Amino acid sequence: MTVGIVVVSHSSKIAEGAVELAAQMAPDVDLVAAGGTDDDRIGTSLEKVLAAVEQSLVDSGGDGVVVLTDLGSAVMTAESAMEFASEPDAILLADAPLVEGLVAAAVAAQGGAGVEDVRSAAEAVGSKA
Amino acid sequence: MTVGIVVVSHSSKIAEGAVELAAQMAPDVDLVAAGGTDDDRIGTSLEKVLAAVEQSLVDSGGDGVVVLTDLGSAVMTAESAMEFASEPDAILLADAPLVEGLVAAAVAAQGGAGVEDVRSAAEAVGSKA
Amino acid sequence: MGLDVKWAQDWLRLSAKAMAEHRVELIELDRPIGDSDHGENMDRGFQAVLQKLDESPPETAGAALKAAAMALMSKVGGAAGPLYGTAYLRAATSLGEATDIDPEALAAALIAARDGIVARGKAEVGDKTMIDAWTPAVDAASNAAAAGQEAAAVLEAAADAAEAGAKSTDPLVARKGRASYLGDRSAGHRDPGAVSTALLLRAAAEAAAGPAVGTGAGAG
Amino acid sequence: MGLDVKWAQDWLRLSAKAMAEHRVELIELDRPIGDSDHGENMDRGFQAVLQKLDESPPETAGAALKAAAMALMSKVGGAAGPLYGTAYLRAATSLGEATDIDPEALAAALIAARDGIVARGKAEVGDKTMIDAWTPAVDAASNAAAAGQEAAAVLEAAADAAEAGAKSTDPLVARKGRASYLGDRSAGHRDPGAVSTALLLRAAAEAAAGPAVGTGAGAG
Ligand SMILES: Nc1ncnc2c1ncn2[C@@H]1O[C@H](COP(=O)(O)OP(=O)(O)O)[C@@H](O)[C@H]1O
Ligand SMILES: Nc1ncnc2c1ncn2[C@@H]1O[C@H](COP(=O)(O)OP(=O)(O)O)[C@@H](O)[C@H]1O
Ligand SMILES: [Mg+2]
Ligand SMILES: [Mg+2]
Ligand SMILES: [Mg+2]
Ligand SMILES: [Mg+2]
């Protein structure tokens, strides 16, 4: 088991692409994309995010979930989803750039890091490696 | 005319999604996606990036081009492309998070900012608005 | 007799009507300082609210607002979704099972709604957001309730203050939301979320003042 | 008689062969500390090099390396693309129009290649990258050339040093490239780019030592 990661973006393409990119370096980590509105316009959807978070809670088998977001309203949607989630305490929101933070978080999770360390890895992303 | 922006990502989905997202706030700015390898695997392609930069140089009609990148090898591909570009001095590379920096840069360009200010807008992106 | 579920349903139906009617206006307001979707977002969100109300008519005002909250959070797609969703959810919690909402309880619910938006979005008055409409509105509502006015008058005071608050955003520089990307260039434009807030509170006042509207009103 | 375009073509053809043969090994090296594509990247890149050589046979060693550089930059897809591309481009510039490359010119071209990688990637020795193979290799080549050795011996010294350099990356913690995401966990693995560098320099030595290979050799 590893920490699960949910990618909340305004764009389903961004979320899916970011998951594909990070999966290359973290094949054993459950990465779940939650991008776009429920009808795949640009925007976010509480239902999509909540479903992704719940799936990730199951996939990660108690190891916890880190959520990455793009713009501010994605943060607000993610925070709302956390209020409705079955295990809010197992979910941490990262204040990190979406793509760059995701790769760092996924690599940390792949290496067996705990949920706090996975979040820290995302948030520590600075200049491009 | 506004400054042009090129989005270099390892993923064509990320590049396209980011362009769609930013275009909503910057409908008059020429945003060009250059994501993925030439056969659309995860990676970058000098040819794609060079073609995007040249197109952006034309679209922006002399106002200059700002290039955003995701991971380190995208930076190196972008730098290589700049060496081959017809007007290297008109192209600035931004050290900024791809999605978040792009939105900030696009909004600055939409507002008529010059090429240096567009890059600064991308690089100034901090916590999520 | 205070407000009841019929009022809540009328409010939501009049809100949906207002969002549909002002769809283009809200889109145009969101264009120069946003992403041109606020009218689309709010219209879609309130169409989903109407559908929810029709599917399972609520028993209480609180239940109506809670159903609206869930619909808005899921369907709006923009910042306004979690913000209004949280607002309506907190208002619903504040009202609880009440079936006869007096002016004090009404003002308290509006305050809870505003506090929910602040908790979610961290905006202060002056940041050029919907909070610039909400905060004067809840202040006016509290004052009217404390002065012993009826629910309809409390909501009218709130709507008037929200409209003034929305206008007050014109010269402001945005410090929250997408408009903050524009920096100083955000000045000289009215905040779309503040305008939608004023429309929603006007709908609340009309629902309290006027006759029933729409179809499924008054199940409780 | 020094090295010529036939050597350059043989080098590139033997490189392509080595990349194809070591494809899986390079992929496996890239798995624990990267994204499992280095073998795929290099194989694809050198297949494109072969195609370019066949399409328009180069007249000089410099032209051969320049064609290779363009193919690698366009087709590799990973960090190795701009890095090796820049290396081959700088080597080509260093060689210029030369048709009879003496050991000094050869060593200078290898130094130019290494300097190009450093300019592009900003790595130092000890960062656990291909530079840990290139720098000892160019040092060994320079020394061999200064000691008056033949081109083949210069390249053999470079290849030997690159192999040792690649092994030296095993205990290192990566400070550049994808492997740097792993921090301390990158230790205990060999850097795939350092290994491919050793393979490429071994191919260069073989091309200088042995008989012609492949099809389109020796157009100049
Ligand atoms: N952090 C915030 N706090 C309060 N209100 C906000 C905040 N961010 C955005 N808003 C409000 O949301 C409105 C925009 O809503 P909308 O267009 O639906 O979302 P988006 O900006 O995601 O497209 C703004 O006009 C503003 O009133
Ligand atoms: N900044 C750099 N400087 C020098 N070499 C680097 C740098 N970044 C990566 N490399 C080399 O590139 C190799 C990885 O190449 P490859 O797998 O093709 O690219 P990617 O990491 O983009 O998938 C690494 O093993 C390392 O030797
Ligand atoms: Mg909007
Ligand atoms: Mg929006
Ligand atoms: Mg790789
Ligand atoms: Mg790669």
Side-chain angles (χ1 to χ4, degrees), chain B residues 1-7 13-33 63-64 66-68 92 94-129, chain C residues 23-24 26-44 76-83 86 117-124 126-132 169 171-194:
Chain B
M1 280 296 147
T2 69
V3 168
I5 304 181
V6 172
V7 182
K13 284 186 192 167
I14 292 177
E16 284 165 23
V19 162
E20 287 169 17
L21 175 59
Q24 286 197 314
M25 292 189 76
D28 303 321
V29 179
D30 285 297
L31 305 167
V32 187
D63 284 349
V66 171
V67 180
L68 285 118
L92 297 183
D95 184 12
L98 184 77
V99 177
E100 297 83 354
L102 173 63
V103 173
V107 169
Q110 173 75 26
V115 66
E116 305 255 3
D117 288 344
V118 169
R119 175 170 67 174
S120 301
E123 293 184 342
V125 164
S127 70
K128 294 161 194 248
Chain C
R23 189 173 174 280
V24 173
L26 294 174
I27 285 174
E28 292 308 324
L29 287 171
D30 200 24
R31 190 179 307 287
I33 58 170
D35 55 353
S36 319
D37 65 1
H38 189 57
E40 164 86 4
N41 289 346
M42 295 301 291
D43 186 25
R44 279 175 47 88
V76 166
L83 290 166
T86 305
I117 295 170
V118 171
R120 184 61 71 225
K122 315 275 181 319
E124 295 174 7
D127 286 351
K128 198 181 185 97
T129 71
M130 56 174 70
I131 284 301
D132 291 320
T169 64
L172 298 176
V173 170
R175 282 190 295 251
K176 287 284 173 190
R178 281 176 189 273
S180 65
Y181 279 104
L182 279 82
D184 292 345
R185 283 186 293 119
S186 62
H189 300 280
R190 191 161 301 175
D191 179 63

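Bear in mind that the values here come from a model prediction, so they are computed numbers and not experimental data.
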Exercise: identify the closest heavy-atom pair between C:Y181 and B:V107: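 Reported closest heavy-atom pair: O-CG1, 3.8 Å.
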Residue C:E124 excluded, over 12 heavy atoms near CD under 6.0 Å: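 For C:E124, atom CD is not crowded (no more than 12 foreign heavy atoms under 6.0 Å).
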Most contacts with chain B, counted as non-hydrogen pairs under 4.5 angstrom, among C:L182, C:D37, C:D35: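 When all of C:L182, C:D37, C:D35 are compared, C:D35 has the most.
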Gap separating the CZ atom of C:R31 from the CD atom of B:Q24, nearest 0.5 angstrom: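 Between C:R31 CZ and B:Q24 CD, I get 11.0 Å after rounding to 0.5 Å.
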